[in-house]
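Contents: one structure, followed by commentary.
To find a chain, count down the sequence lines: A is the first, B the second, and so on, and within it residues start at 1.
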There are 2 protein chains.
Amino acid sequence: MCAKTQTLSSGLEDYLEEIYIAHLNETPLKGAELARKLNISRASVSEALSKLVSRDLIKYNSYEAISLTPKGLEDAQKVYAKHHILKNFFEEVLEIPAEEASENACKIEHIISQNVLDRMINFTDFYKKNRESIEKLKKDK
Amino acid sequence: MCAKTQTLSSGLEDYLEEIYIAHLNETPLKGAELARKLNISRASVSEALSKLVSRDLIKYNSYEAISLTPKGLEDAQKVYAKHHILKNFFEEVLEIPAEEASENACKIEHIISQNVLDRMINFTDFYKKNRESIEKLKKDK
DNA sequence: GAAGATTGTAAGGTAAACCTAACACTTTGT
DNA sequence: ACAAAGTGTTAGGTTTACCTTACAATCTTC
């Protein structure tokens with residue numbers, strides 16, 4: 001019934017996303033801080049960062065801030081974008097409260113297909129532009 | 001940024017769902033056949049079935065068909081329902097082709113919140129009832 | 001320029017979910 | 001009824017992603 005794919009594991013995508021958020025905020029981020037953010041041990045983060053380095057997604061030297069390589073930046077942007085497409089869709093169209101929208105987005109962002117995301121973008125856009133008419137349809141029944 | 005839950009692993013839910021489908025079709029299902037359906041070794045299926053038995057979700061004796069306990073039936077129905085809510089939503093609202101809709105549903109069914117599913121049900125329903133008016137809105141721009 | 005705090009990493013461990021190979025048991029077909 | 005085919009289980013292995021403990025390296029602050 002189902003099947004599997006995945007090039008970057010959902011875990012590594014989470015690390016990358018958090019690194020990207022620090023990058024957006026222009027906040028230097030070290031391994032220990034990342035561990036705190038993700039609620040994961042420093043040791044596990046250390047391992048994960050090695051993987052990201054070996055895949056040329058981040059630059060990292062002990063005791064320095066983590067930074068994204070061009071490839072890492074690109075990948076991170078993709079994950080981050082997915083998160084927001086989902087979150088917006090859940091909030092704007094399905095009227096899910098922000099926090100719950102975000103929690104769902106967090107999990108789904110790693111597995112959803114690009115095609116579905118594209119439709120969501122269009123749909124959210126359409127929905128926002130026509131909110132009033134749609135509300136009317138809903139009420140008219 | 002994210003967090004975790006899960007009572008029945010996504011893997012076990014897949015087994016349960018497939019058993020439920022056989023139940024719906026009134027097709028007797030043995031471990032070996034389940035292994036073929038899920039593309040997993042007989043050995044792994046054997047292990048998984050033991051877990052499902054020990055959680056009182058299925059009844060199973062070697063060389064006989066697998067059957068669902070009342071609790072297992074209930075759980076399976078929930079997973080199956082989730083799958084269809086998602087699939088319908090993707091197909092009807094987002095106009096995703098059937099197969100892709102199903103593939104996405106397969107993965108997301110294990111992690112999405114009930115609240116989002118409820119909204120999807122309502123939305124799909126609303127959308128189907130107002131398809132024409134909505135199409136018009138889309139075209140008018 | 002040390003002391004104390006923080007940060008990083010190595011070693012060794014666990015758990016889940018898979019695998020193959022080998023063997024035993026059961027069913028089927030003639 | 002018995003050989004062949006199919007089914008199930010066991011043992012042992014792999015991988016991934018975590019963990020804790022302990023120690024090493026680096027900062028920071030007085």
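A close approach under 4.0 Å does occur between a side-chain nitrogen or oxygen of B:Ser9 and OP1 or OP2 of C:dA17. Regarding contacts with the backbone of D:dT7, a side-chain N or O of B:Arg36 is found under 4.0 angstrom from either OP1 or OP2. For B:Tyr63, no side-chain nitrogen or oxygen approaches OP1 or OP2 of C:dA24 to under 4.0 Å. Under 4.0 angstrom from either OP1 or OP2 of C:dG8 there lies at least one side-chain N or O belonging to A:Tyr60. Contact check, A:Tyr15 against D:dA17: no side-chain N or O comes under 4.0 Å of OP1 or OP2.
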**OP:** Give the C-alpha distance, both sets of side-chain angles, the deciding distance and a yes or no for salt bridge (Lys or Arg N to Asp or Glu O under 4.0 Å) between A:Glu132 and A:Lys136.
**Re:** CA-CA 6 Å; A:Glu132 281 173 32; A:Lys136 202 182 278 178; over 6 Å; no
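In this structure, the ring of B:Phe123 has its center less than 6.0 angstrom from the ring center of A:Phe123.
The nearest heavy atom of DNA chain D to A:Ser62 and to B:Ser62 marks one nucleotide each, and the one closer to the 5' end goes with B:Ser62. Between A:Gly11 and A:Glu64, the residue anchored nearer the 5' end of DNA chain D, judged by the nucleotide with its closest heavy atom, is A:Gly11. Between A:Asn61 and B:Ile40, the one whose closest nucleotide on DNA chain C sits nearer the 5' end is A:Asn61.
Considering all non-hydrogen atoms of both residues, A:Leu86 and A:Ile112 come closest at CD2-CD1, 3.9 Å. Among all heavy-atom pairs drawn from A:Leu29 and A:Ala22, the shortest one is CB-CB, 3.7 Å.
Rounded to whole angstrom, the span from the CZ atom of A:Arg42 across to the P atom of C:dA10 amounts to 14 Å. In this structure, A:Leu8 places its CG atom 14 Å from C1' of D:dT16, rounding to the nearest Å. When the P atom of D:dA17 is taken as reference, atom CG of A:Leu38 falls 14 Å away, rounded to whole Å. Between the P atom of C:dT26 and the NZ atom of B:Lys30 lies a distance of 12 Å, rounded to the nearest Å. Note: CD (A:Glu33) to C1' (D:dC27) measures 16 Å, nearest angstrom. As rounded to whole Å, 12 Å separates atom P of C:dT9 from atom CG of A:Leu34. Atom-to-atom, CG of A:Asn39 to P of D:dC18 comes out at 11 Å; the value is rounded to the nearest Å.
The closest side-chain donor-acceptor pair between B:Ser9 and B:His110, if any, does not fall under 3.5 angstrom.
Legend: residues meeting salt bridge (Lys or Arg N to Asp or Glu O under 4.0 Å) with B:Glu92, ordered by chain and number and at least two apart, are B:Arg131.
Only A:Ala43, A:Ser46, listed by number, bring a heavy atom of residues 43-53 of chain A to less than 4.0 angstrom from any atom of DNA chain C.
B:Glu99 CD: 12 or fewer foreign heavy atoms inside a 6.0 Å radius.
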